[in-house]
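Residue numbers start from 1 in every chain, and the chains themselves are labelled A, B, ... in the order their sequence lines are given, proteins ahead of strands.
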Protein chains: 2
Amino acid sequence: MEQHRLDVFQVIADPSRRQILHLLSKDSRTINSLAENFDMSRPAVSKHIKVLYNAGFISIQDIGRERHCVLKQDGFKELQAWLAYYDKFWGDKLDKLGALMNDKMNKK
Amino acid sequence: MEQHRLDVFQVIADPSRRQILHLLSKDSRTINSLAENFDMSRPAVSKHIKVLYNAGFISIQDIGRERHCVLKQDGFKELQAWLAYYDKFWGDKLDKLGALMNDKMNKK
DNA sequence: AATTTGCGTAACTCACAAGTTACATATACA
DNA sequence: TGTATATGTAACTTGTGAGTTACGCAAATT
């Protein structure tokens, strides 16, 4: 079997996968229903779905022969956590700037 | 000239570039100072720097023959904006769940 | 029972990002 | 002035992700 085990950063690096996520943010969809929105073949979309699933961006509910895809929060949380670290960085920077300004004010 | 014009998603998809950002979150550094932390060659790091710069993740201050790299917020903001859309999605979902629970409570 | 539909997977091609080495250039230093 | 240092870039190789087609299988339909 192929790998299809990309980390969350690699997963969202692909424009097609981001569009899939966007479509799923509007509605739950099956693989074919998703594939209709793209120029690429259905198997290609199917692979993307697998990647998104493995990285925790979607969950899949099998209903008969159809596979219904729904957004799942796990993958997004990993990204949030990564960004939060740098949010803190910018926050700290502002704090330091504020402290600096206070110092200047007090000196006057 | 080569392209080196990746979008913010592709930029953070590379582990080396994420580590560079992490190093820069501790301290401002020159290219060589950054390269010491990696197994790859200095030109490779230099390319990553260019990519990070073009995507708005760092700013560069030339001091003599040295290039001092500093984190810049622009690149991160693009990612925040993308994630914020889905944050809203989860928020809405919770709202709907809350409304549903209220309905059930009222019926009892 | 036969056919259609919805999907997964294997095998393959291809583009390109990411690395390398070699070389060029500008600044600092002796 | 000559040499060492800090860096950028051109040219090349290579791994691999993303696409394709062909095929198989199970569920639905007739």
Query raised in the report: What pairs meet the side chain to side chain donor-acceptor pair (under 3.5 Å) rule with one or both residues in residues 70-83 of chain A, with sequence neighbours excluded?
Result: A:Q80-B:D87
Requested in this report: Figure out the NE2/C1' separation between A:H68 and C:dC7, and round it to whole Å.
Outcome: 12 Å
Report task. Could you tell me which residues satisfy side-chain contact (heavy atoms from CB on, under 4.5 Å) with A:A44, sequence neighbours excluded, listed by chain and number? Result -> A:M40, A:S41
Report task. May I ask you to verify if any side-chain N or O of A:K50 is less than 4.0 angstrom from the OP1 or OP2 atom of C:dT9? Result -> yes
Query raised in the report: Which nucleotide, D:dG8, D:dT20, C:dT21, lies nearest any side-chain atom of B:R42?
Result: D:dG8
Query raised in the report: Who pairs with A:S33 by side chain to side chain donor-acceptor pair (under 3.5 Å), at least two apart in sequence or on another chain?
Result: A:R29
Query raised in the report: Rounded to the nearest 0.5 Å, how far apart are OG of A:S46 and CD1 of A:I31?
Result: 5.0 Å
Query raised in the report: Is the backbone N or O of B:I12 less than 3.5 Å from a side-chain atom of B:R17, with the two atoms forming a donor-acceptor pair by type?
Result: no
Query raised in the report: Rounded to the Å, how far apart are A:F9 CZ and C:dA18 C1'?
Result: 19 Å
Requested in this report: Identify, with sequence neighbours excluded, every residue that meets side chain to side chain donor-acceptor pair (under 3.5 Å) alongside B:S59.
Outcome: none
Query raised in the report: Quick one, which residues of residues 56-67 of chain A touch DNA chain C with a heavy atom under 4.0 Å?
Result: A:R65, A:E66, A:R67
Query raised in the report: What is the distance from CD1 of B:I49 to P of D:dT7, rounded to the nearest Å?
Result: 10 Å
Query raised in the report: If you look only at pairs with a residue in residues 19-57 of chain A, which of them pass as a ring-ring contact (aromatic ring centres under 6.0 Å, His included), with sequence neighbours excluded?
Result: A:H22-B:Y85, A:F57-A:F76
Query raised in the report: Taking the side chain of A:H48 as heavy atoms from C-beta outward, which of D:dT21, C:dT20, D:dG19 is closest to it?
Result: D:dG19
**Report entry** Closest listed nucleotide, where the reference is the side chain of B:D14 and the choices are C:dT9, D:dT9, C:dA18
**Finding:** C:dA18
Requested in this report: Figure out the CE/C1' separation between A:M40 and C:dC14, and round it to whole Å.
Outcome: 17 Å
Query raised in the report: In whole angstrom, what separates B:I20's CD1 from C:dA18's P?
Result: 11 Å
Query raised in the report: Under the side-chain contact (heavy atoms from CB on, under 4.5 Å) test, which residues partner A:E66, sequence neighbours left out?
Result: A:T30, A:H68
Query raised in the report: Separation of A:N54 atom CG from C:dG8 atom C1', in whole Å?
Result: 13 Å
Report summary line: From CG of A:L52 across to C1' of D:dG17 the rounded distance in Å is 14 Å
**Report entry** B:S46 vs D:dT7: side-chain N/O to OP1/OP2 distance below 4.0 Å
**Finding:** no
Report summary line: Numerically ordered, the residues 24-37 of chain A set in heavy-atom contact under 4.0 Å with DNA chain D is none
Report task. Identify whether A:W90 and A:L79 are in the same connected component of the hydrophobic contact network (ILVMFWY, side-chain heavy atoms under 4.5 Å). Result -> yes
Report task. Using only heavy-atom distances, decide whether a donor-acceptor pair under 3.5 angstrom links the side-chain of B:K47 to the base of D:dG8. Result -> no
Query raised in the report: Could you state the CD-P distance from A:Q10 to C:dC16, rounded to the nearest angstrom?
Result: 18 Å
Report task. Please list all pairs passing the salt bridge (Lys or Arg N to Asp or Glu O under 4.0 Å) test where one or both residues lie in residues 51-60 of chain A, with sequence neighbours left out. Result -> none
Requested in this report: Using modelled atom types only, decide if a donor and an acceptor are shared between the side chain of B:N37 and the backbone of B:L34 within a distance under 3.5 Å.
Outcome: yes
Report summary line: Here the helical stems involving DNA chain D, each at least 3 consecutive Watson-Crick or G-U pairs closer than 3.5 Å, sorted by first residue number, are C:1-30 with D:1-30
Report task. For D:dA22, take OP1 and OP2 only and decide whether either is under 4.0 Å from a side-chain N or O of A:S41. Result -> no
**Report entry** Residues forming a side chain to side chain donor-acceptor pair (under 3.5 Å) with B:D62, sequence neighbours excluded
**Finding:** B:R67
